[in-house]
Each structure stands twice: as C-alpha cells, then as structure tokens.
There are 2 protein chains.
Amino acid sequence: METARVGTVDKREQILQATLKLFSSEGFFNTSIHDIRREADVSIGSIYHYFTNKETLARALYDELVDEMVRAIRAVILEQDTCQERCRAIMRFFFSWTDSNPQSMHYIMYARHQEFMPEVKPICSSEPFFLVFQVVGEGIEQGEVRAVNPAVATTSLFGGAIRLIHLYLDGSLEGPVEKYFEETWQCGWRAIAAATSH
Amino acid sequence: METARVGTVDKREQILQATLKLFSSEGFFNTSIHDIRREADVSIGSIYHYFTNKETLARALYDELVDEMVRAIRAVILEQDTCQERCRAIMRFFFSWTDSNPQSMHYIMYARHQEFMPEVKPICSSEPFFLVFQVVGEGIEQGEVRAVNPAVATTSLFGGAIRLIHLYLDGSLEGPVEKYFEETWQCGWRAIAAATSH
DNA sequence: GTCTATACCTGGATAGAC
DNA sequence: GTCTATCCAGGTATAGAC
C-alpha cells in the first residue's frame, strides 16, 4: 500500500488503469499480460512485482471497484432516511456512475467474475447488493414497500435499471444513460410501492 | 444437416449437449476441446468434423437455443391477444424454461457471448428481445402500457424477472424459480400498466 | 466418419541482470 | 523496483491412418 508516489503516478495504479480498460472492452480471457504491459507502458516484471498473477490483478481491480460502490451506497444510507429516498439515490448513483465511469460499471456488473475468480461470490450476493437488499427489506417492514418476497422486491425495483444499463453498455442504447433515470425510477418504485405511497 | 440417425443418437447432438453442459458450468474459456471430447465421449476428430472450430461450435449452440426461444415467443404472440397476456406468458416461459433447462438459460442469458463470438449481436438486441420490445411497444400504442420510453418500459417489465433468474442461476436463490413467478409478474406489470389497467 | 498422434503457438510466469 | 529474455504448459487445430 505504501508505494512511493514521487512526481510520477505510481506504477501500480498505471497497471490497474490499463487492466480496467482492457478487461472491460476485451474481457479477461482476451487480454494477455503482454497486452496489459503494452497498454500500461510498463514491463512484465513490474506487473508481477505488484501482483502475484493475472487472477490476483483481476481480483484487486474488482475489490477496489466494489469498495468504491459500497462506500457510495453507505453514504446514501446515512444521508437519506426513508427506503424510498435511499433507493432513489442508490439508483441515481448507478446511472451517474455508468455515465462517468462506464468501464468500471462494465467490469463490475457485466463480467462473469466466477469464470476467472473462482472464489469470489457472485456479484448479486456481494456486499453492495446485500446492502440494497437490506434497505428494501426494511422498507417492507416499515410498510413503505408492499409485502412481497424481499428478493422479488429488490430485483423488481432495480432490475429495470440494471437491465437498461446493460443495454447501454452493450451499445444497444445511446447515452447518456442518466436521461432515462427518472422514468426508470418511477417504474421501479411503482412496481413495489405500498398502496399508501403513491 | 442430413446426418445419419441410425439407432444411436447422432454425434453432432452428443457434442452439442456436452458443450452446453461444460460451457454453462465452466464457461467458454475454461472449457477445452479435450474437455468436450471427454464429456461427449467422442474423438477430437469428430468434433472438428462437425464444427470448423471452437467458436463455430459455440455459435451453433447459441443459434439453436436462440431459435428455440424465438419459436416459443412467436407461439405466445399467436396464442394471446393483448400486450398484458402476451407479456405474462412470455415471462412465464422464461421462468419455466429456467427450471426445466437451466443450462440453456444460463448459456443464453449469462455468457458474455461477444467475448468469444465477436460478430454476434449482444443478446439484448437479438431477436427474442426484439420481439418482446415490439410487444411492449404495441402495448404503449394501444394504451395498455403507460406512455414511457419503450426501452424503459421493456426493461422495467422484464428486468426484475431476468435479475431474479440470474440470482437463481448464480446459486444465490433456491429454486424452483417458478414459485416467484406470480409476484414478479405482478410487480413488473404494475411498473408499466396504464392507470386503467389495474 | 471416426480415430490417434502430433505440430504449432499463444500466453502465463520465472530468472536474473541492473 | 524495473527491466529483458526465456521457459514451458496447455490448448487449438491438422495430418493422415483406418
């Protein structure tokens, strides 16, 4: 962690950036260490100095991005009070992050992580999704959300947004994706809102 | 196409079945031709007799499954009259197909096809999804569905279902997935139904 | 049409100089 | 810490017998 940061950007970060670019556009398996070496403009030796192998590199990148997402969701939960406000802010974050950082979103949401990181839990049962699941679960308890299965409620609320983001990341939908936010949110919330809420 | 089918199951089919099993569980890149050879209990020579290369094999499997899906959706469209009935039947098909044929569903919906079939269109812009898109679009024109962006309407209606199916295929949700159908459908339709419809 | 044996090469990882 | 050169396994695809 305490690598020198003298003037030039540190190499570790350089490598991670190149990796993100290539993994998100070409995929893990279509990206060789040699490709990363070229893109990052470092030597193979440096890559293996900072990361023990290709999988570790993928994993480090994944963990950083998941962490970033978790921090954002946690912040939202602290700032907002009701389930509705929290979910709305979380969905907005997904949209704005997609526009500002499509590669990160692509890598985190789209890649089949288990195919190259056997030990990692599927993204849908990882921490960010668990947080969202909890928020929705509380909404059910409070009566803000209709009494349906919590998994169904969560997927029904966010499924549309995620699907739309996939469509965009695929190139099947023109961006910026934020312009679809309001409508998507309205649909999602309508799907699960308790009768009193709308 | 006109391969002999004398008594024993033809080898082409044997190979496709083995491929489906391995690709859906291990992924395209983690499955070698040798693995397929072993699983299908044929020789490498046979595989290359029926398929020019690994990518062609993946593609043939993909095309067959997409075709099956398209036929099912087409049948639904013929049988049902309203947008609501059609969408409900299509969603039901997704759920029941997931239960009866999880490997096919996994391969068709989950794999990052573009990573190994560069020329294939992303699944969300492929024919089955286009059919669904059309059905929803007509629903908007007929006033059955609220006047929102058609892409938003389609993803809002089916996003929850697809997400839930992913969750199940990931092993994050216990099956059979059909038990979640009714609730998921209600949420999905509620998301986009015109005011008069419910 | 089916098989085995093998050619060939990509690409992950290491060695070791600086 | 950074680099280049190199090793070597694994995997796709082919050759050619039967």
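Naming convention: chains lettered A, B, ... in sequence-line order (proteins, then strands); numbering from 1 in each chain.
Rounded to an integer number of Å, the gap from CZ of A:F51 to C1' of D:dG1 is 14 Å. Rounding to whole angstrom units, CZ of residue A:R37 and P of D:dT2 are separated by 15 Å. Whole-Å rounding puts the B:E26 CD to D:dG11 P distance at 12 Å. When rounded to the nearest whole Å, the span between CZ of A:R38 and P of D:dC3 equals 15 Å. Distance B:I44 CD1 to C:dA7 P: 15 Å, rounded to the nearest Å. Going from atom CD of A:E55 over to atom P of C:dG11 covers 18 Å, rounded to whole Å. B:I47 has its CD1 atom 14 Å from the P atom of D:dT14, to the nearest Å. As rounded to whole Å, 19 Å separates atom P of D:dG1 from atom CG of A:D41.
Environment of CD in A:E119: crowded, with over 12 heavy atoms of neighbouring residues, nucleotides or ligands closer than 6.0 Å.
For the pair B:S32 and D:dG10, the criterion of a side-chain N or O lying under 4.0 Å from OP1 or OP2 is not met.
Among the nucleotides C:dT2, D:dC3, C:dG11, the one closest to the side chain of A:V42 is D:dC3. When distances are taken from the side chain of B:Y50 to each of C:dG12, C:dT4, C:dG1, the shortest belongs to C:dG1. For A:S46, taking side-chain heavy atoms from C-beta onward, the closest of the listed nucleotides D:dT14, D:dT2, C:dC3 is D:dT2. The nucleotide whose nearest atom lies closest to any side-chain atom of A:S43 is, among C:dT2, D:dT12, D:dT2, D:dT2. With distances taken from any side-chain atom of A:I33 to the nucleotides D:dT12, C:dT2, C:dG12, the minimum falls on C:dG12.
Using a 4.0 Å heavy-atom cutoff across all strands shown, B:T56 reaches no nucleic acid atom at all.
Side-chain atoms of B:L157 and B:M91, non-hydrogen and from C-beta on, do get closer than 4.5 Å to each other. Put simply, the side chain of A:S96 reaches to within 4.5 Å of the side chain of A:E178, judged on heavy atoms.
Each of B:H49 and A:F28 was assigned the nucleotide of DNA chain C with the nearest heavy atom; the assignment lying further toward the 5' end belongs to B:H49. Both B:G45 and B:Y48 sit near DNA chain D, but only B:Y48 has its closest nucleotide nearer the 5' end.
If you run side chain to side chain donor-acceptor pair (under 3.5 Å) between B:T82 and each of B:Q80, B:E85, B:Q84, only B:E85 comes through.
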A:Y107 vs A:H113, ring-ring contact (aromatic ring centres under 6.0 Å, His included): CA-CA, chis, key distance, verdict | CA-CA 9 Å; A:Y107 183 62; A:H113 303 105; 5.7 Å; yes
